[in-house]
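Reviewing the structure listed below.
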Amino acid sequence: MWVGCVHLFESCVFTASNPITKYKGVLEQISYFCPPNRYTMIEQLLTNTLLSILQNLYGQDIPRKLVQLQKTRPEFEGDLTIVVFPLLRISRKSPEQTAEELGKKLVEQLGEVDAFNVIKGFLNLVIADGYWLDFFKASWNEQFFGFVEPAQSAPMVVEFSSPNTNKPLHLGHVRNNLLGESVSEIRKAAGRKVIKVNLVNDRGIHICKSMLAWQKWGKGQTPETEKVKGDKLVGDYYVKFDREYKKEIELLIAEGKTKDEAAQQAPLLLEAKQMLKLWEEGDEGVRQLWAKMNGWVYEGFDVTYKRMGIGFDKTYYESDTYLLGKTIVEEGLEKGVFFRKEDGSVWCDLSEDGLDEKLLLRADGTSVYMTQDLGTAQLRYDDFHPSDLIYVVGNEQNYHFEVLKLVLKKTGRAWAENIHHLSYGMVELPDGKMKSREGTVVDADDLMDEMFATAKRTTEELGKFDDFTPEESAHLYHILSQGALKYFILKVDPKKNMTFNPEESIDFNGHTGPFVQYTHARIKSILRKAADAGGQTGDVDMAGFQPEAKEKSLLRLLHEYPQAIQQAAETMSPALLANFVYVLAKEYNQFYHELPIIKEPDSCKRNFRLGLSAFVGNTIRSAMGLLGIDVPERM
RNA sequence: GGUCUCGUAGCUCAGCUGGAUAGAGCAGCAGCCUUCUAAGCUGCGGGUCGCAGGUUCGAGUCCUGCCGGGAUCACCA
């Protein structure tokens, strides 16, 4: 997969040796094989230099953290800004005076700093054009710009999706899947080895309910006979069970039972429980039915996963793992970190950690959810010896993961420290939460169908691409609808609850996926036209070249991309990249409207703008790719 | 009730470890297509950053309290 950070610009005519300014060329001194910090060089250089200046000027060292470097706000002149307030305690001078002194020294000592100005306590630095142009030259055509070569270290395991097999995937799963997939890709881009795993909850009372209902009322229906996705069919029988079960409860209540009694004693539930027992005993018939119906579900899931572009390196099944974890519990008992109550149940006392007692094994010796998760964590550790175990799971399970980590630690497993719960917020609808009982759940397939139809309608209304074949059109609608959906969900900070407004999600204007995709298509269109005209993309004689303000701000943004990837990886937040790529696209569109590209008569400027366009296009494709979003050549 | 979390424009969201006059999009209004894709661009209006204290040169950001939403505290998963 990885082909390395090949820099392709040798085939072009950049003249790197031009003494453009007094600027020396930081980038030139560094290897081109994508070292992680190559693009933070200017920041590091400034910080280091400033520290030595402070030492010389005021005879004191200060903690590196007090050097606060930030982007200059657009309303002021400059590229980077140093906040001098924290430095006053050693300069013992006014903010203005301090900034002035430091500014002078920086310009003196660094070719990269062209000029400076001081506004209140802020020292604004103008970075030399040469720096930006060198950056452009080195990176504009680099396929994996901003990516870091994978380290030869332990992998990280990311678990996500983890569906139950009694219901089709819904909007909540969609957020989970998109986050898991995107975070995995982002961490790969940031130089990590990642193993994506799914843990399918394929056994338990829930699937037995579907099985029982199908047995009773299914009349041999299959996905083939009903022309319906397998997960839908099984889900329908789960609903059927619930409906019949409720009828029985009402009957029992009418006969004078309490609500709880009725719920416990309804014949259907007892039957389902009996079926679960038979399953656990390995009953041939039950196992066969179970395998058949789960098979239907997997076929259905596969279609949905494929449509979403989600994939796993390994799939675990709970039917294989649900008995795991008991040995860990026994081990904990021996070590005396767990305790057994009179009834035989096993607990872990977490009151010292501010939590309650937690059940680990029932009185009858059977597992609970926690027991299984202890076991699967151990299994995963044994399978991969990962540096990190990441669980993409909703924030309603925050407590569970806190406990999981603590319990594992109590048994002496140091690697428990490497468990990270990527806890994401609920997806709510404009009129409140999704509730399966009230039928307000948004089905993943239905949602994607609707998005597809909207993409089709919008494209047709705009009267675009009558020359597309039906296949090409369908492909475009697929890309656009997936882009709209994925972007809509991923642009929100994962930690926060989000509102999914169906009407807004299918909007293709403004801060949306299709807007970014459109910008990419627009760039591609320009590059095609330029190529037809025999233009030399990116071929620029850099001597004395002065980029326009808009061009420079584009370069500044592109310059931030590697850091954006790193930060998104660290915080496991695709939203950071989603917002980055939106700002980039918006900035490009402004550039596009302000300046001629192909029509620019000056060949040097024209080629630079073409190269810059290609650079932006590549970066959009790259960033959207990390969000799991494809971009079209035309739209 | 305990613990955790969230509260920024009418709506949906940004705002990096505290830094300059809090930003986008949608919705509303007004402009821009004989010129590189108008799924675009430009402009206008819209805010007591839930409230009150505190920390400091500086608080949407940190601390405390209160108000309001949400999650969780199962021998469910």
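Order of the sequence lines sets the chain letters (A, B, ...), proteins ahead of strands, with each chain counted from 1. Values below: all heavy atoms of this structure, side chains included; hydrogens, waters and symmetry mates excluded.
Residue-nucleotide stacking is not present for F515(A) and rA39(B), judged by a side-chain ring centre under 5.5 Å from the six-membered base ring centre and planes under 30° apart. By the criterion of a centre-to-centre distance under 5.5 Å and near-parallel planes under 30°, the ring of F85(A) forms no stack with the base of rG58(B). Residue ring and nucleobase are not stacked for F122(A) and rG19(B) under a centre distance beneath 5.5 angstrom and an angle between planes beneath 30°.
Applying the 4.0 Å criterion to OP1 and OP2 of rA14(B), one finds that K496(A) has a side-chain N or O inside that range. Contact annotation: N501(A) does not reach the phosphate of rC11(B) (side-chain N/O to OP1 or OP2, under 4.0 Å). Listed pair Q590(A) / rU42(B) meets the phosphate criterion, a side-chain N or O lying under 4.0 Å from OP1 or OP2. Contact annotation: R528(A) does not reach the phosphate of rC36(B) (side-chain N/O to OP1 or OP2, under 4.0 Å). Within the 4.0 Å cut-off from OP1 or OP2 of rC16(B), not a single side-chain nitrogen or oxygen of T571(A) is found. Contact between the side-chain N/O atoms of R89(A) and the OP1/OP2 oxygens of rC57(B) is not found at any separation under 4.0 Å. Phosphate contact (OP1/OP2 of rA24(B), side-chain N/O of K491(A), threshold under 4.0 Å): absent. Phosphate contact (OP1/OP2 of rU21(B), side-chain N/O of K120(A), threshold under 4.0 Å): present. At rC76(B), one or more side-chain N or O atoms of R362(A) fall inside 4.0 Å of OP1 or OP2 (strictly under the cut-off).
If you check distances only, the side chain of T81(A) does reach the base of rA20(B) with a donor-acceptor pair under 3.5 Å. Side-chain to base pairing of N589(A) with rA39(B): no donor and acceptor N or O lie closer than 3.5 Å to each other.
Taking the six-membered ring where tryptophan is involved, the planes of H400(A) and Y369(A) are essentially parallel, since the angle between them stays under 30° and well short of 60°.
Look at the C1' atom in both rA27(B) and rG18(B): the space between them is 34 Å, to the nearest Å. Comparing the same atom, C1', in rG58(B) and in rG45(B) gives a spacing of 31 Å after rounding to whole Å. Taking atom P on both nucleotides, rA77(B) is separated from rG7(B) by 34 Å, rounded to a whole Å. The gap from the C1' atom of rG47(B) to that of rU64(B) amounts to 26 Å, rounded to the nearest Å. For the C1' atoms, the distance from rG54(B) to rC76(B) is 45 Å, rounded to whole Å. On the C1' atoms, rG40(B) is 46 Å away from rU56(B), given to the nearest whole Å. The same atom, P, is picked in rC13(B) and in rU8(B); the two are 10 Å apart, to the nearest Å. Remark: the separation of the C1' atoms in rG43(B) and rG53(B) is 42 Å, to the nearest Å.
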May I have the step-by-step check of salt bridge (Lys or Arg N to Asp or Glu O under 4.0 Å) for R634(A) and D467(A), ending in yes or no?
CA-CA 12 Å; R634(A) 297 173 62 190; D467(A) 59 322; 3.3 Å; yes
Would you please test R362(A) and D364(A) for salt bridge (Lys or Arg N to Asp or Glu O under 4.0 Å) and show each step?
CA-CA 5 Å; R362(A) 293 191 186 100; D364(A) 63 6; 5.2 Å; no
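With rA39(B), rC11(B), rU42(B) as the choices, the nucleotide that has an atom nearest any side-chain atom of K586(A) turns out to be rU42(B). Minimum atom distance to the side chain of Y592(A) is reached by rU37(B), of the listed rC73(B), rU37(B), rG25(B). Proximity note for R73(A) (side chain, C-beta onward) versus rA77(B), rC11(B), rA20(B): the nearest is rA20(B). Set against rC13(B), rA39(B), rA77(B), the side chain of T499(A) has rC13(B) as its closest nucleotide. Listed nucleotides rG25(B), rU37(B), rG19(B) differ in distance to H511(A); the shortest reach to its side chain belongs to rG25(B). Picking from rU37(B), rG70(B), rA77(B) the nucleotide with the shortest atom distance to the side chain of Y369(A) gives rA77(B).
Salt-bridge annotation for R556(A) and E560(A): absent, with no side-chain N of the basic residue lying under 4.0 Å from a carboxylate O of the acidic one.
Under a cutoff of 6.0 Å and an axis angle of 45°, K341(A) and W347(A) form a cation-pi pair. Cation-pi check for R175(A) over Y424(A) is not met; the charged atom does not lie both under 6.0 angstrom from the ring centroid and within 45 degrees of its normal.
Residue K605(A) holds its NZ atom at 6.0 Å from CZ of R609(A), rounded to the nearest 0.5 Å.
Here K495(A) lies out of heavy-atom contact (under 4.0 Å) with every strand.
Across the protein-nucleic acid pair, K65(A) atom NZ and rC16(B) atom P stand 17 Å apart, rounded to whole Å.
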Reading RNA chain B 5' to 3', what string of ( ), [ ], | and . shows its pairs, if Watson-Crick and G-U wobble pairs count only when both distances fall under 3.5 Å?
(((((((..((((.....[...)))).(((((.......))))).....(((((..]....))))))))))))....
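Partner of F500(A) under the side chain to side chain contact (heavy atoms under 4.5 Å, CB included) criterion, out of V492(A), V174(A), L485(A): L485(A) alone.
Taking syn as a glycosidic angle within 90° of 0, rC33(B) qualifies as syn.
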